[in-house]
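Since the structure comes first, as structure tokens, the remarks are kept for the end.
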There are 2 protein chains.
Amino acid sequence: MSSYQRSCLIRGDGGRAIRGILDRIGDKWTLLVVATLDGDRMRFTELQRRIPGISQRMLTRTLRHLERDGLVEREVFAEVPPRVEYSLTDTGATLIGPAVTLAEWAIEQNPTIERSQGEYDARRGGRD
Amino acid sequence: MSSYQRSCLIRGDGGRAIRGILDRIGDKWTLLVVATLDGDRMRFTELQRRIPGISQRMLTRTLRHLERDGLVEREVFAEVPPRVEYSLTDTGATLIGPAVTLAEWAIEQNPTIERSQGEYDARRGGRD
DNA sequence: CTGCATCCGCAAGGATACTG
DNA sequence: CAGTATCCTTGCGGATGCAG
């Protein structure tokens, strides 16, 4: 199947499918949280420790969204002090593959892209 | 290679690689523009016609970003009225694969995800 | 035809303080 | 420990008008 025909999957219904997934994972922290949970069950603080720079607020929000989408499972233990553990669901685990594919592309193309950016900026001489 | 080991590509350097690519393609129009240009060289108006809902401003911005990243080539013809044609570069074409992979995931998992959302919202009874 | 300039609303995301 | 509440800044993206 040619790339041309496959790209119809993106344009598909006016881009609703791709828009949906980007709304879901295109934000600042979602993919990082998913990748961090990959293979490990983990509690809130541990998660925050492993994701440098994320605030409590954003970690909470990101986890709630993922839970709502059924990609992450949240388990509360009735203890004092409270303990909450997060893990990927089976559905959530299936996201790793496509995400890694994208990351590989990013890593591979990054030098080329940065060089292009440099040339572009040089051409426009720092205006803008 | 297990998914666990591969997911290190995402967390990698604190997520800079994945962050970079999402900043690049995670916005509202970029992937749609790339998919629309896949296999076709095309001028500005034609592009806008094929992407329902995009404004002139956003199409221009998106194309400039893509040009700066070296994913799209912009060719100006010295004519009156002016004619400008856009096409994917070789680098830009390599983005189609990973993007399609993601779209396929979205299409496949969408029913599951929407069901989960419905259940989640029902559980919380419309509060929030 | 192909843009750029301007204004504006909105939502994402950060900082901080507080709570069960 | 695991959040919630509040405030604030920033930048995306839409609408409109003007220009080469």
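Predicted model only: the values in this text are computed from it and were never measured. We name chains A, B, ... by the order of the sequence lines, and we start the count at 1 in each one.
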With B for base contact, S for sugar-phosphate-only contact and - for none (protein heavy atoms under 4.0 Å), nucleotides 10-16 of chain C reads --SBBB-
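- Judged as a side-chain contact (heavy atoms from CB on, under 4.5 Å), and not counting sequence neighbours, the contacts of B:Thr89 are B:Glu73, B:Thr91.
- For A:Glu108, there are no salt bridge (Lys or Arg N to Asp or Glu O under 4.0 Å) partners, not counting sequence neighbours.
- Evaluation of the side-chain contact (heavy atoms from CB on, under 4.5 Å) rule for A:Ala106 yields B:Ile21 as partners, not counting sequence neighbours.
- Every residue meeting the side chain to side chain donor-acceptor pair (under 3.5 Å) condition with A:Arg74, not counting sequence neighbours, appears here in chain and number order: A:Tyr86.
- Every residue meeting the salt bridge (Lys or Arg N to Asp or Glu O under 4.0 Å) condition with A:Glu85, not counting sequence neighbours, appears here in chain and number order: A:Arg41, A:Arg83.
- For A:Glu104, the salt bridge (Lys or Arg N to Asp or Glu O under 4.0 Å) partners are B:Arg6, not counting sequence neighbours.
- In this view, B:Asp69 and A:Ile113, A:Gln117, B:Arg24, B:Leu71 satisfy the side-chain contact (heavy atoms from CB on, under 4.5 Å) rule, not counting sequence neighbours.
- Across the helix from C:dC1-D:dG20 to C:dG20-D:dC1, the helix axis at one end is tilted relative to the axis at the other end by 40° (nearest 10 degrees, each axis from five pairs).
- B:Thr30 pairs by the side chain to side chain donor-acceptor pair (under 3.5 Å) definition with B:Asp27, not counting sequence neighbours.
- Residues forming a salt bridge (Lys or Arg N to Asp or Glu O under 4.0 Å) with A:Arg64 (at least two apart in sequence, or on another chain): none.
- You can see that DNA chain D meets the heavy atoms of chain A within a 4.0 Å-exclusive cut from D:dC1 to D:dT6, reading 5' to 3'.
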